[in-house]
Amino acid sequence: MPEREIRRRTFLQLSAGIAAAGLAGCASTRPTVTRSYAPEPVPDTNAFLADMYGEKPNEAYPLPAIPYEKIDSRFYRQMVADPTGEKPGTLVVDVGSHFLYRVYEGGQAMRYGVGLGRAGFAWAGRGVIQYKREWPRWKPPNEMVARQPELQQFSIEAGGMDPGLKNPLGARAMYIFQNGEDTLYRIHGSPEWWTIGKSVSSGCVRMINQDVVDLYSRVPNGTPIVVADLTGGGMVESQPMPQSQPIPDSQPLPQSPDYMQMGPDGLPLPQPL
């Protein structure tokens with residue numbers, strides 16, 4: 001083969017190789033176009049509860065957050081189907097299940113978990129919320145002081161315990177009367193959140209402070225209330241609480257003793273938890 005032809009073929013082969021290498025280089029460096037999608041937001045199931053049971057810094061005595069994870073979820077504040085059959089606006093304390101209901105229209109009720117003490121089982125029947133207090137003073141009856149002399153510093157004569165985070169009545173208290181008489185039965189807050197859903201040695205109907213603040217905003221004076229066992233026992237006959245010396249109150253509202261020991265919004269929640 002003539003030398004000129006050899007050189008020509010060599011040139012063509014080299015050119016083809018270079019071209020192929022060039023094409024391969026483009027293929028390897030060409031940017032890959034991919035579609036990127038923002039991930040769907042994952043609902044934070046705890047965010048709602050963390051807000052509901054979080055700090056309340058604007059209270060007269062700022063409330064600390066509640067470790068709601070340590071409480072049985074049945075006792076979280078939530079909207080449920082109304083099991084009481086009572087008219088809207090009524091409060092119902094179910095002592096059998098440790099629930100308190102605030103009845104709404106449409107067969108719905110706001111349900112709260114409560115703790116019950118010895119006094120919480122001593123009265124049942126129908127009454128009204130005669131009046132209520134924000135950050136009430138606690139004044140144990142003389143009978144209680146006689147049983148527990150260490151409470152003398154909080155006696156009626158001593159003026160009771162100042163409001164605050166350690167006060168057994170908590171952030172709010174609601175006072176139940178029947179036929180114009182004080183039943184000595186109370187719904188109140190409690191710093192002892194771990195007693196919710198349980199029966200303890202003392203107190204009436206105790207609530208998480210954040211819950212009692214919420215309930216307080218929904219309950220005007222004169223609100224009807226029913227205390228009963230809805231677990232099968234039905235309504236029990238009203239029984240008077242043991243009477244004790246009335247406690248003067250600094251506010252111009254009905255006088256009433258406080259029969260307890262250590263134990264916000266006006267809209268219903270949108271859905272059950």
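These numbers come from a predicted model, not from an experiment.
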Of the non-hydrogen atoms in [X] and [Y], which two are nearest, and what is the gap between them?
X      : Y      : result
Pro57  : Pro62  : O-CG, 3.7 Å
Ile196 : Arg206 : CD1-O, 3.6 Å
Lys139 : Gly160 : CG-CA, 3.8 Å
Ala171 : Val212 : CB-CG1, 4.5 Å
Ile156 : Pro140 : CG1-O, 3.8 Å
Ala109 : Val103 : CB-CA, 4.2 Å

- Message: Set out, in order, the CA-CA distance, both residues' side-chain angles and the distance that settles side-chain contact (heavy atoms from CB on, under 4.5 Å) for Tyr68 and Asn46, then state yes or no.
- Response: CA-CA 9 Å; Tyr68 62 88; Asn46 292 332; 3.1 Å; yes
Are any side-chain N or O atoms of [X] and backbone N or O atoms of [Y], one a donor and one an acceptor, separated by less than 3.5 Å?
X      : Y      : value
Gln153 : Leu151 : no
Asn167 : Trp135 : no
Arg111 : Arg74  : yes
Asp94  : Asp229 : no
His188 : Pro168 : yes

Hey, could you give me the [atom1]/[atom2] distance between [X] and [Y], rounded to the nearest 0.5 Å?
X      : Y      : atom1 : atom2 : value
Met161 : Arg137 : CE    : CZ    : 10.0 Å
Thr90  : Ile225 : OG1   : CD1   : 9.5 Å
His98  : Thr195 : NE2   : OG1   : 9.5 Å
Gln108 : Asp82  : CD    : CG    : 8.5 Å
Leu184 : Phe177 : CG    : CZ    : 8.5 Å
Tyr53  : Glu69  : OH    : CD    : 12.0 Å

Test item: [X] and [Y] side chains (from C-beta on) under 4.5 Å apart, heavy atoms:
X      : Y      : answer
Asp211 : Val114 : no
Val227 : Val92  : no
Val128 : Ile176 : no
Phe99  : Phe75  : yes
Val205 : Leu116 : yes
Asn142 : Glu157 : yes
Tyr216 : Glu134 : yes
Ile66  : Asn209 : no

- Query: Relative to Tyr175, does Lys132 satisfy both conditions: NZ or CZ under 6.0 angstrom from the six-membered ring centre, and within 45 degrees of the ring's axis?
  - Reply: no
- Within 45° of the ring axis of Tyr104 and under 6.0 Å from its six-membered ring centre, is that where the NZ or CZ of Arg102 lies? yes
- Does the pair Thr84 and Val226 meet the rule for a side-chain contact (heavy atoms from CB on, under 4.5 Å), with working shown? CA-CA 10 Å; Thr84 72; Val226 180; over 6 Å; no
- Task: Would you check, one step at a time, whether the test side-chain contact (heavy atoms from CB on, under 4.5 Å) holds for Gln210 with Arg77?
- Result: CA-CA 10 Å; Gln210 278 81 343; Arg77 184 197 324 163; 4.2 Å; yes
- Query: When you check the gap from the basic side-chain N to the acidic O, do Glu59 and Arg172 get nearer than 4.0 Å?
  - Reply: yes
- Item | Glu86 bridged to Arg126 by N-O distance under 4.0 Å | yes
- Distance only, no hydrogens: is a donor on one side chain within 3.5 Å (strictly under) of an acceptor on the other, for Tyr112 and Asp214? yes
